[in-house]
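Only a predicted model underlies this, so the values are computations on that prediction, with no experimental measurement involved. Note that the numbering runs from 1 along the sequence shown for the chain.
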Amino acid sequence: MKNFLFLVCAIVLSVFVSCDDDGPYEDYQVARPILQDAITFKAEAVSVTEPVPIVSSGKIYAYGNYIFVNDVNKGFHVIDNQNPSSPESIAFIKLEGNNDISIKDDKIYADSYGDLVIFDISDITNITIQSRIANAIYNNEVWLSNIEYPQADFYEYGDIDYDRHIVIGWEVLTERRPVEEYESRYNCDGCVVDSLESSNDTPQPSTGQGGSLARFKIIGDYLYVVDYNDINIFDITDVENVQVLDDVQVAWDIETIYSQGDILFIGGSQGMYIYGIENPEKPEFISEFRHGTACDPVVVDGDYAYVTLKGGNFCGSTESGLYVVDISNLANPELKVIYPMDGPNGLGIKENTLFVCDGDSGLKVYDKTDAPNVTLINTFEDIVAYDVIPLASSLLMIGDQTLYQYEYVDNDIRLLSTFQL
């Protein structure tokens, strides 16, 4: 009888503490992606609706009498700005997976889960989708990095066909796994958690204008879009038959694009990269200006580039500041001066005035007549400043779900209107 009881206890104990060749086991939270057919999902992710409240304000874009405000990963709001003192929201273009746009000849070019989507806005009261080019900017694998991750011990992706499926969420289950597997998951070849990295100015009359945080830029008959690694190039001469050209690899940390003449200035978290587009189909590397890791938009005027570096959080450890870089010799950009900032984002230039969005510290206005030296002439406090677009007669600024408009007055600006999105 004693032997029988001992055997039962041993069996029960083995259920709770397994010590086979794999070692002891414990319960772990295992997350697996929830997939949906990409074609169906993307078709449902596009529509034009009546105005809706904004959830998370992103970038702004100006075109004619209209302002387009990105609602991060959800689409963009259309605002009638014929009367800047009293702008009016007139529509919302639902476009999930969207972060940026550019417009030429009444055609909107926008991103959506790495696709290039083209809208016709020739009749602003009847906006229609014209075409969609799948994976033209990046494939759906990159979109996975934008999905909010659940709390889990393991993340298992399996064999996802990123051309056919979209990750729309996660399922988390409790599973028993070897402790050794948990302890070695980040220190092995072929670990459970895979790399998420991808493999590899003055507007024209018919073209709109974005801010310094833009990833889209139209120059002539070409659309340039920067993703995390590359410059994606599109020939948009024939909007009915947009040509997807070969990408140009830049770095792994690309964030923004700006142009002056036939020169592209690419902002990245590690530096500013300069490319020539004498051949618009094949940008050629000229030089780079390296700096510490930080979020990095750039604007250019004449012989100087103005770069804001934002440190902290996910941006990096570099101290925040405004960097003025001499680019008179494009092959050898040279840092001239650094001005401390609190948490800078976008910036813009209007003649000899430099506007810097310094986050919670507000909008700062500088006189750059004596560049590279700049002089602070005004600060608009008690607002959150994200990005600006200096237009011919007014300044647009976005921050904290609010659109601000300022008018130029002599050598300064004054608030014209505030519009809650």
Side-chain angles (χ1 to χ4, degrees), residues 57-60 210-215 253-258 260 265-274 288-327 333-390 395-404 406 411-413 415:
S57 57
K59 302 169 188 178
I60 50 176
S212 64
L213 299 175
R215 286 182 175 268
D253 57 353
I254 301 307
E255 296 172 332
T256 63
I257 183 170
Y258 194 86
Q260 178 172 265
F265 297 86
I266 311 297
S269 65
Q270 297 289 333
M272 175 182 69
Y273 308 91
I274 303 176
E288 63 182 33
F289 166 71
R290 303 289 288 186
H291 54 63
T293 304
C295 296
D296 171 19
V298 54
V299 296
V300 177
D301 185 47
D303 290 336
Y304 294 97
Y306 302 84
V307 184
T308 56
L309 299 188
K310 180 180 180 180
N313 297 326
F314 64 89
C315 286
S317 57
T318 299
E319 187 174 347
S320 296
L322 169 66
Y323 286 47
V324 184
V325 182
D326 187 339
I327 56 167
E334 181 182 358
L335 176 63
K336 288 298 184 181
V337 63
I338 302 175
Y339 295 93
M341 292 279 163
D342 296 320
N345 295 304
L347 66 169
I349 292 173
K350 169 69 173 178
E351 298 175 347
N352 284 321
T353 305
L354 171 68
F355 304 95
V356 179
C357 296
D358 199 12
D360 293 340
S361 296
L363 174 66
K364 296 181 177 179
V365 184
Y366 294 86
D367 182 348
K368 68 174 191 65
T369 303
D370 296 324
N373 301 307
V374 300
T375 303
L376 182 64
I377 57 178
N378 202 349
T379 300
F380 291 82
E381 300 177 332
D382 301 323
I383 57 175
V384 177
Y386 181 65
D387 201 10
V388 291
I389 300 179
L395 177 80
L396 305 179
M397 191 191 77
I398 190 77
D400 195 26
Q401 303 181 342
T402 305
L403 174 67
Y404 301 87
Y406 300 86
N411 295 323
D412 203 355
I413 62 172
L415 184 64

ask   = Can you check whether Val374's main-chain N or O pairs, donor with acceptor, with Tyr339's side chain at less than 3.5 Å?
value = yes
query = CG/Asp360 to CD/Glu381 distance, rounded to the nearest 0.5 angstrom?
reply = 12.0 Å
message = Show the nearest heavy-atom pair for residues Ile413 and Leu363, with the distance to one decimal.
response = CD1-CD2, 4.1 Å
request  = Could you tell me whether the side chain of Val337 reaches within less than 4.5 Å of the side chain of Tyr304, counting heavy atoms only?
outcome  = no
note = Separation between OG (Ser212) and CD1 (Ile257), nearest 0.5 Å, reads 13.0 Å
task = Output, in order, the C-alpha distance, side-chain angles, deciding distance and verdict of side-chain contact (heavy atoms from CB on, under 4.5 Å) for Lys368 and Val324.
result = CA-CA 10 Å; Lys368 68 174 191 65; Val324 184; over 6 Å; no
query = Do you know the tightest heavy-atom contact between Cys357 and Met397?
reply = SG-CG, 4.0 Å
key: Distance-only side-chain donor-acceptor flag, Thr369 / Asp367, under 3.5 Å   = yes
request  = Can you sort out the partners of Lys364 under side-chain contact (heavy atoms from CB on, under 4.5 Å), two or more places apart, ordered by chain and number?
outcome  = Met341, Asp342, Asp358, Ser361, Tyr366, Leu376, Thr379
task = Please answer whether the main-chain N or O of Pro297 pairs with a side-chain N or O of Glu255 as donor and acceptor at a distance below 3.5 Å.
result = no
key: Residue pair Ile60 / Tyr386, side-chain heavy-atom distance below 4.5 Å   = no
key: 4.5 Å side-chain heavy-atom contact, Val388 and Leu395   = yes
Show every donor-acceptor pair shorter than 3.5 Å between a side-chain atom in residues 345-353 and any protein atom, with sequence neighbours excluded, or say none if there are none.
residue : atom : partner : partner atom : Å
Asn345  : OD1  : Lys310  : NZ           : 3.1
Asn345  : ND2  : Ala385  : O            : 3.1
Lys350  : NZ   : Ala392  : O            : 3.2

query = Within the distance-only criterion (no hydrogens, no angle test), does the side chain of Ser57 pair as donor or acceptor with the backbone N or O of Gln401 below 3.5 angstrom?
reply = yes
Within the 6.0 Å centroid threshold, strictly below: Tyr406 and Phe355 = no
key: Partner of Met272 by side-chain contact (heavy atoms from CB on, under 4.5 Å), out of Phe265, Tyr258, Tyr323   = Phe265
query = If you take all heavy atoms of Pro344 and Thr308, which pair is closest and at what distance?
reply = CB-CB, 3.7 Å
remark   = Per side-chain contact (heavy atoms from CB on, under 4.5 Å), Tyr306 is matched among Val325, Leu322, Val356 by Leu322
query = Are Ile274 and Phe289 side-chain neighbours, meaning at least one heavy-atom pair lies under 4.5 Å?
reply = no
ask   = Do the side chains of Lys59 and Arg215 get nearer than 4.5 Å, heavy atoms only?
value = yes
key: For Ile327 against Pro333, the heavy-atom pair lying closest together   = CG2-CB, 4.3 Å
